[in-house]
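The basis for the numbers below is simple: all heavy atoms, side chains too, and nothing from hydrogens, waters or symmetry mates.
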Amino acid sequence: MLDQSFSAENFRKILDLENRKGVFLEGLFFPNVKDATEEVKQCNKEIRAKKKSKNCSSDDLKKMYEKRRELKTKKDEVLNEELKKVSQNVGAASFSLELDKKDLEGQKSLYTVRNSPECYFVMKQIQRNVSRLFGVKQSNRFEIVSQVKALLDDDFPKVVLKTDIDDFYESIPHGKLLEKIDGNNLLSPFSRRILRQILAQYKKLASCDKGVPRGIGVSAYLAELYMRDLDKAILSHTDVRYYARYVDDIIIIFSPYASGRVGDYKLEIKNIVEQDFHLKLNDSGTNNKTLIFDLSSVKQACEMEYLGYKIFFGDNQIKTKLTDKKVLKYKTRIDSAFSNYFNLSKVDTREARDLLVKRVRFLTGNTRLKNNKNNVLVGIFYTNRQLTEMDDLADLDSYLRKKIKTLRNVRLRDRLRKYKFLEGFNAKRFSPFKTHELQKIMKIWK
């Protein structure tokens, strides 16, 4: 049975997990623990230096190892005391979770948790509780695109509907969501109390009695929990051959001859989404993202964008390219990398060169997220491995070459010219990076 408690022991598990990801919470929340950590690091340096010296005896090393054990024990004791205080504060009757709202120009508002250890650990624990107890998780993007390509490439008569939910996070009804949360005894009373606080805080900040706070980790799990019944309702449709949803992006493939008719599938799905689940299809206005392709009787060339790809299908071929938005994202990151180089080189030329090379190597290659629990592979190939057409990668290489030409440093230009998007994709070129290197590389792109 899952331990849902907001205890010091569970908070320690969260802290250790975040540390493995490179998020050092001791430095963020517990200065005295940070000092103890620095003492352990200094002792490690002394041990390494002693090992390299010529007059290193086994007795000396034994004493230093013992000192390190004592320092680690001291650090753990201090840390556990701090986490006990946090747990006690969370359990107090006066504790209340607080959110902050960030309004972004031209974008939907984001929400953050107040910067306190209590709010941080509570949010991580409630996310863990909801995820584990309800078994909710996001769909696999790669698997969905792979399946869709295979189904679109066959000759079977079909109707394809691609759509999404308008203002997805902002539209989820609180009442029905709370019914799902309270409808069983899976969540502890305190966990339900925290979720009610989150929704109450959101309602107050957004001035709206529906929606979950965009930017808060648990919101993705709450949204998935709400959408479960909608997924089942669509899958129960007689003619549905395939259905997939990634967050709010939906694709449905119908086999009309299963029922002997071609129905008004858009209207039927719209009724399920809007009447039964009180959400809204994005099917009107200038931002209409609902497309329907009827391949039930006549083959025709079709094109749609889905999960970062332009997919071409319907005329005995299946091709995929990157979306314009994704190409622009790569170009914007190239621009930021070179802009940061020119600014940083005014104060630290060596650091600027090193960072630029690593950023270009990262963008054009592939790497492994070491501290991710699944050791996920990411990069130009592993993020875009369903790509069949190379035009966009050639365009990115051309764009990168133009940026490299703006550099005065000849050696730096020569170093950068060997990195290419096409080569990184075709050869699956792999570049290992340490956690702290990845943090510095990604910092300007967040």
Side-chain angles (χ1 to χ4, degrees), residues 1-92 113 115-129 132 217 348 350-351 354-355 358 367-376 430-443:
M1 188 173 180
L2 179 69
D3 178 7
Q4 298 183 52
S5 67
F6 295 74
S7 62
E9 291 76 18
N10 277 344
F11 290 170
R12 179 61 190 265
K13 291 175 185 176
I14 291 168
L15 183 139
D16 290 341
L17 178 61
E18 294 302 306
N19 277 351
R20 288 197 292 274
K21 294 178 181 178
V23 182
F24 298 106
L25 299 178
E26 296 99 323
L28 185 62
F29 294 128
F30 311 121
N32 53 340
V33 179
K34 182 182 178 183
D35 293 340
T37 302
E38 291 302 319
E39 289 180 0
V40 174
K41 288 181 178 179
Q42 181 59 38
C43 187
N44 284 330
K45 287 181 181 178
E46 292 171 2
I47 289 173
R48 288 195 295 269
K50 193 69 175 176
K51 284 181 176 180
K52 291 179 181 179
S53 66
K54 295 180 180 178
N55 58 344
C56 176
S57 69
S58 58
D59 287 340
D60 289 338
L61 279 177
K62 188 176 180 181
K63 290 178 182 177
M64 295 183 79
Y65 287 142
E66 182 59 33
K67 178 185 176 182
R68 183 172 65 181
R69 277 194 293 272
E70 291 173 358
L71 289 172
K72 284 184 175 181
T73 300
K74 172 189 169 185
K75 174 199 164 183
D76 283 343
E77 289 173 351
V78 175
L79 177 57
N80 289 334
E81 282 302 312
E82 291 289 347
L83 291 174
K84 282 180 184 178
K85 292 177 187 175
V86 173
S87 179
Q88 289 168 0
N89 292 339
V90 168
V113 181
N115 189 29
S116 73
E118 288 78 14
C119 288
Y120 182 92
F121 283 101
V122 163
M123 285 302 299
K124 288 292 183 181
Q125 184 63 39
I126 196 66
Q127 184 174 323
R128 180 173 180 264
N129 291 350
R132 296 281 184 88
D348 192 336
R350 184 175 179 180
E351 175 73 359
D354 181 59
L355 265 176
K358 286 178 180 176
T367 194
R368 185 186 299 276
L369 300 181
K370 290 183 179 179
N371 291 310
N372 184 285
K373 63 181 180 180
N374 295 319
N375 283 322
V376 172
F430 189 86
S431 298
F433 293 101
K434 295 178 180 178
T435 302
H436 73 275
E437 290 179 313
L438 282 172
Q439 289 174 337
K440 291 180 76 172
I441 287 169
M442 301 292 291
K443 187 176 181 180

(message) Q127: which residues meet the side-chain hydrogen bond (donor to acceptor under 3.5 Å, both in side chains) condition with it, sequence neighbours left out?
(response) none
(message) Can you tell me how far apart NZ (K72) and CG (L79) are? Round to the nearest 0.5 Å.
(response) 14.0 Å
(request) Write down the atom of V78, the atom of V33, and the distance for their closest heavy-atom approach. (result) CG1-CG2, 3.7 Å
(message) Going by side-chain hydrogen bond (donor to acceptor under 3.5 Å, both in side chains), name the residues that satisfy it together with E437, two or more places apart in sequence or in a different chain.
(response) K358
(request) Can you run down the salt bridge (Lys or Arg N to Asp or Glu O under 4.0 Å) pairs that involve residues 28-44, sequence neighbours left out, and say none if there aren't any? (result) E38-K41, E39-K74
(message) Under the criterion side-chain contact (heavy atoms from CB on, under 4.5 Å), I'd like the reasoning laid out for I47 against Y65: C-alpha separation, chi angles, the key distance, then a yes or no.
(response) CA-CA 8 Å; I47 289 173; Y65 287 142; 3.8 Å; yes
(request) Taking side-chain contact (heavy atoms from CB on, under 4.5 Å) as the test, write out the residues that go with E81, two or more places apart. (result) K84
(message) By the definition side-chain contact (heavy atoms from CB on, under 4.5 Å), identify the one residue from L25, N10, V23 that meets it with L15.
(response) L25
(request) Verify side-chain contact (heavy atoms from CB on, under 4.5 Å) between F6 and V86, making sure each step is shown before the conclusion. (result) CA-CA 9 Å; F6 295 74; V86 173; over 6 Å; no
(message) As an exercise, state the distance from OG of S7 to CD of Q88, rounded to the nearest 0.5 Å.
(response) 12.0 Å
(request) Run through K124, K13, R128 and flag the one making a salt bridge (charged side-chain N to carboxylate O under 4.0 Å, His left out) with E18. (result) K124
(request) Check each of K67, R68, K63, K51 against E46 using the salt bridge (charged side-chain N to carboxylate O under 4.0 Å, His left out) test, and report the only one that passes. (result) K67
(request) Decide side-chain contact (heavy atoms from CB on, under 4.5 Å) for F29 and N115; before the verdict, give the C-alpha distance in whole Å, the side-chain angles of both, and the deciding distance to 0.1 Å. (result) CA-CA 9 Å; F29 294 128; N115 189 29; 3.5 Å; yes
(message) Testing the basics here: between T367 and P432, what is the closest heavy-atom pair and its distance to 0.1 Å?
(response) OG1-CA, 4.0 Å
(request) Quick one: pull up CG in L438 and CD1 in I441 and give me the separation to the nearest 0.5 Å. (result) 5.5 Å
(request) Report yes or no: does S87 contribute a side-chain atom to a donor-acceptor pair with the main-chain N or O of L83 at less than 3.5 Å? (result) no
(message) Please report the interatomic distance CZ(F30) to NZ(K75), rounded to the nearest 0.5 Å.
(response) 12.0 Å
(request) To the nearest 0.5 Å, tell me how far K440 NZ sits from F433 CZ. (result) 13.0 Å
(request) Check side-chain hydrogen bond (donor to acceptor under 3.5 Å, both in side chains) between R132 and all other residues, then give those that pass, not counting sequence neighbours. (result) none
(request) Kindly write out the residues that satisfy side-chain hydrogen bond (donor to acceptor under 3.5 Å, both in side chains) with D76, not counting sequence neighbours, or none if the list is empty. (result) R12
